[in-house]
Amino acid sequence: MSSPAVTPRLRFAPSPTGYLHVGGARTALFNWLYARKYGGQFLLRVEDTDKARSTDDSTRAIFEGLAWLGLGWDETVVYQGAKLERHRADAQRLLANGTAYRCFCSQEELAQRRADAEANGESFKYDRRCDRLDPAEIDRRVAAAMPFTVRFRVPEGTTSWEDLVHETIAFPNKDIEDFIVLRTDGTPIYNMAVVSDDIAMGITLVMRGDDHISNTPKQIQLYRALGAELPQFAHLPMIHGLDGKKLSKRHGATAVGDYRHLGILPGAMLNFLALLGWSPGNDIEVMTLEQMIALFDTAGLQKKAAIFDTKKLEWMNGQHLNLVSDEALISLVSPALVAAGLATDAELTDRRAWYLSLLAQLKVRARTVDDIVRQAATYFRDAVAYDADAVAKQWKDRTATATILRGVHDALAALPVWEPAAMEEALRMRAGQLGFAEKAGKIFQPLRVALTGVSASPGIFEVLELLGRDRSLARIEAALALLDEKI
RNA sequence: GGCGGUAUCGUCUAGGGGACUAGGACACGGCCCUCUCAAGGCUGGAACACGGGUUCGAAUCCCGUUACCGCUACCA
């Protein structure tokens, strides 16, 4: 493991042009993990310089997403748009120290030359013509208020760096064109703004998506021209959809908020995301946040893009569902139950012990909070919603079913105490009397449908206990009435 | 097109020259448990992209090919 030499400062720098994407969330997580692990700072910078696409709603959604995941940031949020003066000043420094020059070529001219080059099958690269302008001519144009951009003069040689995930990456400088750092309107181009901000924020490790690899040599040149110390770089692989293409809306849910509403736990989301592009080794998979911090190591970072597999996310969620404390589970499930109109907070508080045992039964059988709510419904409502398939299968012979249920009802009704052991004894005895000695399931299944309306549920005695004596007997009676009228 | 990146089961991955008849997990099949469904346990099928090197020996190192991805804007 390579411990950082200095206190690390990292940042997550999303542009507020949509919701917090799972890819962004994972980038944030790795930055956060690294900062936490080494006692550094994790900063948040909102890259809102694209006024046309940035919205306050998006900014809010990013905050909410990070908050839900529990990825808090240190220091105050930096809004890139507010740092325009510094960006401009840094670009002016480049002009002053001779590492950049004014370019008077218009956007139209450039587009034309680019089109011409492409028409000839050549790749276009700015030919530096404005860098060859006579100083007097430049002065004349500036005096005449001719619009210009500021272009960085890429030097000869090679630009390379030791990437924390890719080892060394090198770009021949001849392949990098003299890129613009300041537009004619004086606003900075992305790479200028990023470098200016990262220097100002004291970032020591830039960890971001590998779609930024080709920006990196430009940024390194900017650091050098500005006389700033270089940070380390780590380029994380992308996350793709099932079809191997970059994750997008076509693939379904891609915003972390979508998963929140699907009943995914933040801890499970984080755990799943962490495993997309990172492995702690030793076949470890299910981890708490604390364990992830302890285990995190850039050496375990993957170079290859990962495919987002919802199935495994759901499995992971099931694992976490069984990992969280009762308190945490309640705070996750209660709002959903209330929202579904099944209970009120007051009822849940009043019947806490009962509620807890219900959750204990359901969480094993659920993969998401939504699953729990769906399964819980029948324990909160008076009426039973009968599943047609379950009825068709388990109540196939209505006369026989009625006989069984009547017998079960009487056995249960005669019980002095409403307690599992007593129920089991009575029911198994009754099964024997009904001719199902070693096949108690023959009476349990019809009973399960009478009690819950479906053929899959917690153990039958747990169901009886959860439902309580009155409701259980009432449901059996209702089932009998239903069977009678159908005969 | 140019430049850059990547390549182990369908998917996430372990692996960093001999421990590999390639391990784990998800998904899928079977068995066990069992009142159903889960959970759990056991188990089956399933991969080193291809071609050259280097080496006594390569999934591991090098080169090439192929495929895929990214960048190639006065977007971020």
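What you see below is based on every heavy atom in this structure, not just the backbone, and it leaves out hydrogens, waters and symmetry mates.
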Which of these nucleotides, [options], is closest to any side-chain atom of [X]?
X: A/H166; options: B/rU13, B/rG40, B/rG5; answer: B/rG5
X: A/R365; options: B/rA27, B/rC12, B/rU36; answer: B/rU36
X: A/S279; options: B/rU8, B/rA14, B/rU36; answer: B/rA14
X: A/K304; options: B/rU13, B/rC3, B/rU36; answer: B/rU13
X: A/P172; options: B/rA27, B/rU36, B/rG4; answer: B/rG4

According to the Watson-Crick and G-U wobble definitions, with both distances under 3.5 Å, which nucleotide is paired to B/rG16?
none
What is the pairing partner of B/rA73, taking Watson-Crick or G-U wobble pairs with both distances under 3.5 Å in any strand?
none
Report which part of the nucleic acid [X] touches: base, sugar-phosphate, or nothing (heavy-atom distance under 4.0 Å, all strands).
X: A/I460; result: base
X: A/E108; result: nothing
X: A/A440; result: nothing
X: A/G121; result: nothing
X: A/P458; result: base

For the side-chain hydrogen bond (donor to acceptor under 3.5 Å, both in side chains) test, which of A/Q219, A/H212, A/K218 pairs with A/N191?
A/Q219
Check for me whether the distance between the ring centres of A/Y355 and A/Y379 falls short of 6.0 Å.
no
Any donor-acceptor pair under 3.5 Å from A/R469 side chain to A/A413 backbone:
yes
Ignoring hydrogens and angles, tell me if any N or O in the side chain of A/D387 forms a donor-acceptor pair with the backbone of A/G453 under 3.5 Å.
no
Determine whether any donor atom in the side chain of A/K312 lies under 3.5 Å from an acceptor atom in the base of B/rA27, or the reverse, and answer yes or no.
no
What is the distance, rounded to the nearest whole Å, between atom [atom1] of [X] and atom [atom2] of [N]?
X: A/L236; N: B/rU6; atom1: CG; atom2: C1'; value: 14 Å
X: A/I176; N: B/rG2; atom1: CD1; atom2: P; value: 18 Å
X: A/E285; N: B/rU11; atom1: CD; atom2: C1'; value: 12 Å
X: A/I169; N: B/rU6; atom1: CD1; atom2: C1'; value: 11 Å
X: A/K303; N: B/rG16; atom1: NZ; atom2: C1'; value: 10 Å
X: A/I307; N: B/rC12; atom1: CD1; atom2: C1'; value: 9 Å
X: A/L273; N: B/rU11; atom1: CG; atom2: P; value: 19 Å

On a whole-Å scale, what distance lies between the P atoms belonging to B/rC56 and B/rA14?
31 Å
Quick one: is B/rC37 close enough that its OP1 or OP2 comes under 4.0 Å of any side-chain N or O from A/R374?
no
Can you tell me if the side-chain N/O atoms of A/Q302 get under 4.0 Å from OP1 or OP2 in B/rU8?
no
Would you verify whether the NZ or CZ of A/R151 falls within 45 degrees of the ring axis of A/Y126 while also being under 6.0 Å from that six-membered ring's centre?
yes
Do A/H235 and A/T216 have side-chain atoms, one donor and one acceptor, less than 3.5 Å apart?
yes
Please step through ring pair (Phe, Tyr, Trp, His ring centres under 6.0 Å) for the pair A/W161 and A/Y223, ending with a clear verdict.
CA-CA 13 Å; A/W161 72 96; A/Y223 274 95; over 10 Å; no
Applying side chain to side chain contact (heavy atoms under 4.5 Å, CB included), run through A/R448 and A/L451 and close with a yes or a no.
CA-CA 5 Å; A/R448 190 185 313 281; A/L451 257 19; 5.7 Å; no
Generate the contact string for nucleotides 68-76 of chain B. Rules: B means base contact, S means sugar-phosphate contact only, - means no protein heavy atom under 4.0 Å.
-SSS-SBBB
